[in-house]
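Written below as structure tokens is the structure these notes are about.
Just the heavy atoms: all of them, side chains too, but no hydrogens, waters or symmetry mates, feed the values below. All chains are named by letter (A, B, ...) in the order of the sequence lines, taking the proteins before the strands, and each is independently numbered beginning at 1.
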Amino acid sequence: MIENVRVRFAPSPTGPLHIGGVRTALFNYLFAKKHNGTFILRVEDTDQNRYVEGAEQYIIDALNWCGMPADESPVKPGNYGPYRQSERKAMYKQYADELIASGNAYYAFDTAETLDFHRKDHEAKGKTFIYNWHNRLKLKNSLSLSAEEVKAKLDAGEDYVIRFKSPQDETLHLKDIIRGDIQIDTNVLDDKVLFKSDGMPTYHLANIVDDHLMEISHVIRGEEWLPSLALHYQLYQAFGWEVPEFAHLPLILKPTGKGKLSKRDGDKLGFPVFPLEWKDPKTGDVSRGYKEDGYFPEAMVNFLAFLGWNPGTEQEIFSLDALINAFDLERVNKSGARFDPDKTKWFNHHYMQEQANDELAKKFLPIINEKLNVIQSGSEESQDGISPAGGNDIDVNYVEMVVALVKERATFVSDFWGLSHFFFTAPTSYDEKASKKAFKEGTKDILKEVVSIVNAIDDFTVETLQTNLKGWITSNDIGFGKVMMPLRLALVGALQGPDVFDIMYMIGKAESVARIEKAVAIL
RNA sequence: GCUCCGUUGGUCAAAUGGAUAAGACGCUACACUUUCUAUGUAGAAUUAAGAGUUCGAUUCUCUUACGGAGUACCA
């Protein structure tokens, strides 16, 4: 076991947390818990322009919904706060100054326009403009300007940034837990801005300073940070700090086509890319969430864990605790994983079976009431005998029994109505295709006979129903199909649903007879 | 363009220098004595290409192709 594990999930509050971000958080959480470590949420809000109202709360809510709350966070401070970078603002400057004093960084006065011009100019010539050893002396900074000039500019309050002085002709040896050793030639690196003219650090500086101050032991983040790893290594070295371990997670790719998963893919293919529903405070646009779409958090966590990781065994159903137990960064894949909405549904179907029926019934009840209201206000007729449990007052126990009968083929709670409406309301029509198949010559007489048999049963249970009807069928050599199919159609309105005898028992004798007689009438 | 990372069935993936290359999703068929979208069983389908090392390579090396990420005073 690795000692003193402290990991952080460090999103920027620029909007709802993307599913890829949730996976990054999950892997951090799993790793932390696996090693009895600490899982920290740090909000990286150094870019004031991109701050979005409500995003931080969303992130916290999402983490909680998944069952992986942070041990230390802005709302639950530990001994390493504050946990918002905007609130740590005051501490970054001194570190930037320290780097200047040690010769690892320098002031740069170039305007955004100048830089932009150089970049475009280079591009036009088919070259790439890199601000580094190659040309830094040709630009306006404390390396090219005299000490007096620099002081004058600083005193005059001119805008400046602080850049890292990337060394020349060195080979860096970087280590990544997932990818192994990586070598980088420092000549291709640029002098990244560490400190912005607005007085805020960039991600690079803030990230290193905070990770150091917060005693982060392992940095687990997305692959998009891999190119920055060289800079981060150099920063640790420049400060003389111990370098944490790094692990760069593979990306989550679109289900079809190219590139990484984006919001648009979800809209297009009809699945959410966010854990929770999000309403954009500016545009008012609403993005769907897994929670609102009826996914269970266990299902989402389980399938997310399997995107880029696997236990190496045939087990694929893992609770959060089981994941903590089995998780290992060494078993994380290097290559990007395509997101599979079908597999997600499969997981949800699985976890549906594990849900308690009474809980599901509670979630289903409002849907039933809503549907019945629509039916009632829609058509006046065919209202008698609608709810066998009595009027519109649906009995929760009855719903619970219905759930027990249909949940094995349900993926979402929202599937329940389609699978069980006939338990609550009589069919008003018969599926056309099914009618052709089930209502045939002689069916009328058969159903009439069924009515009398059912009527004759006093002890109305599934068992007696079954023995009496089946006994009648076999002793008269009628054929199950000729009886069961039209019977089902009469009860349900389609060739669907659980066992016919279960349905009859549930809706009760009177309602069963009524429905069969209704079918007889139209035949 | 440049830098870095990657490439096992349609998708997620296991294995690893040595057998017929696991398993899952999806798909197809069959079964459940007869509803199925459920369940069960079966089936089709894979080591990107080319060199090299080796007795032997999916596994190691190189080249090519393809994919991805980064290349901001964004994170």
Requested in this report: Write down the partner of G1(B) under the Watson-Crick or G-U wobble criteria, each distance required to be under 3.5 Å.
Outcome: U71(B)
Query raised in the report: Touch check for L189(A), heavy atoms < 4.0 angstrom, all strands: base, sugar-phosphate only, or nothing?
Result: nothing
Report task. Looking only at side-chain atoms of S335(A), point me to the closest of U3(B), G6(B), C73(B). Result -> G6(B)
Requested in this report: Nearest whole angstrom, please: distance from the P of U34(B) to the CG of L487(A).
Outcome: 13 Å
Requested in this report: Identify which nucleotide among A75(B), C12(B), G26(B) has an atom closest to any side-chain atom of R50(A), counting heavy atoms from C-beta outward.
Outcome: A75(B)
Query raised in the report: Expressed in angstrom and rounded to an integer, what is the separation of F246(A) atom CZ from C5(B) atom P?
Result: 16 Å
Report task. Please check the phosphate of C73(B) (OP1 and OP2 only) for any side-chain N or O of K192(A) closer than 4.0 Å. Result -> no
Query raised in the report: Paired with U47(B) by Watson-Crick or G-U wobble geometry, both distances under 3.5 Å: which nucleotide is it?
Result: none
Query - A57(B) - base-pair partner by Watson-Crick or wobble geometry, distances under 3.5 Å - result: none
Report summary line: 5'-most contact on RNA chain B (nearest-nucleotide basis), R409(A) vs L253(A), goes to R409(A)
Requested in this report: Searching all strands shown, indicate the nucleotide that pairs with U7(B) (Watson-Crick or G-U wobble; both distances under 3.5 Å).
Outcome: A65(B)
Requested in this report: Ignoring backbone atoms, test whether N310(A) places a side-chain nitrogen or oxygen under 4.0 Å from the OP1 or OP2 oxygen of A14(B).
Outcome: yes
Query raised in the report: Under 4.0 Å between a side-chain N/O of K343(A) and OP1 or OP2 of U11(B), yes or no?
Result: no
Query raised in the report: Between N207(A) (CG) and C74(B) (P), how many Å, whole number?
Result: 15 Å
Query raised in the report: Can you name the one residue among R338(A), K260(A), K254(A) that meets salt bridge (charged side-chain N to carboxylate O under 4.0 Å, His left out) with D265(A)?
Result: K254(A)
Query raised in the report: Is any side-chain N or O of S197(A) under 3.5 Å from a base N or O of C73(B), one able to act as donor and the other as acceptor?
Result: yes
Report task. Verify the ring-centre separation between F439(A) and Y430(A): is it less than 6.0 angstrom? Result -> yes
Query raised in the report: Would you say the side-chain atoms of N141(A) and Y131(A) include a donor-acceptor pair closer than 3.5 Å?
Result: yes
Query raised in the report: For the side chain of E408(A) and the base of U39(B), is some donor closer than 3.5 Å to an acceptor across the two?
Result: no
Query raised in the report: For H349(A), which contact category applies under a 4.0 Å heavy-atom criterion: base, sugar-phosphate, or nothing?
Result: sugar-phosphate
Query raised in the report: Side chain of R488(A): nearest nucleotide among U35(B), C73(B), U3(B)?
Result: U35(B)
Requested in this report: Look through every strand shown and name the nucleotide pairing with U34(B) as Watson-Crick or G-U wobble, where both distances are under 3.5 Å.
Outcome: none
**Report entry** Ring centre gap for W278(A) and Y58(A) strictly below 6.0 Å
**Finding:** yes
Query raised in the report: Hey, mind stepping through F422(A) and W417(A) against ring pair (Phe, Tyr, Trp, His ring centres under 6.0 Å) and telling me if it holds?
Result: CA-CA 9 Å; F422(A) 42 83; W417(A) 179 256; 9.3 Å; no
Report task. Between C73(B), C12(B), G6(B), spot the one nearest the side chain of V193(A), thanks. Result -> C73(B)
Query raised in the report: Would a line drawn from the ring center of W346(A) to the ring center of Y351(A) be shorter than 6.0 Å?
Result: no
Query raised in the report: Does A14(B) have a Watson-Crick or wobble mate here (both distances under 3.5 Å), and if so which one?
Result: none
Query raised in the report: Can you tell me how far C1' of A69(B) sits from CG of L174(A), to the nearest Å?
Result: 16 Å
Requested in this report: Just compare G1(B), A69(B), U3(B) and give me whichever is closest to any side-chain atom of I184(A).
Outcome: U3(B)
Query raised in the report: Applying a 3.5 Å limit to both distances, which nucleotide forms a Watson-Crick or G-U wobble pair with A21(B)?
Result: none
**Report entry** Listed nucleotide nearest any side-chain atom of E223(A), set A75(B), G68(B), C73(B)
**Finding:** G68(B)
Query raised in the report: For the pair made of NZ in K260(A) and P in G67(B), what is the distance, rounded to whole Å?
Result: 17 Å
Report task. Check whether any side-chain N or O of K433(A) sits under 4.0 Å from OP1 or OP2 of C36(B), and answer yes or no. Result -> no
Query raised in the report: When you match T46(A) and K258(A) each to their closest nucleotide on RNA chain B, which lands nearer the 5' end?
Result: K258(A)
Query raised in the report: What nucleotide, of A75(B), U34(B), G68(B), holds the atom closest to the side chain of F480(A)?
Result: U34(B)
Query raised in the report: Can you check whether F27(A) and F327(A) have ring centres sitting under 6.0 Å from each other?
Result: yes
Query raised in the report: Any side-chain N or O of N333(A) less than 4.0 Å from the OP1 or OP2 oxygen of A14(B)?
Result: yes
Report task. Please state how far atom CD in Q315(A) lies from atom C1' in A22(B), giving the value in whole angstrom units. Result -> 16 Å
Query - Nearest to side-chain heavy atoms of R179(A), which nucleotide of U71(B), G6(B), C36(B) - result: G6(B)
Report task. Would you mind telling me which of G26(B), C73(B), A15(B) lies closest to the side-chain atoms of R331(A)? Result -> A15(B)
Query raised in the report: What nucleotide among A22(B), U35(B), A75(B) has an atom nearest to a side-chain atom of E314(A)?
Result: A22(B)
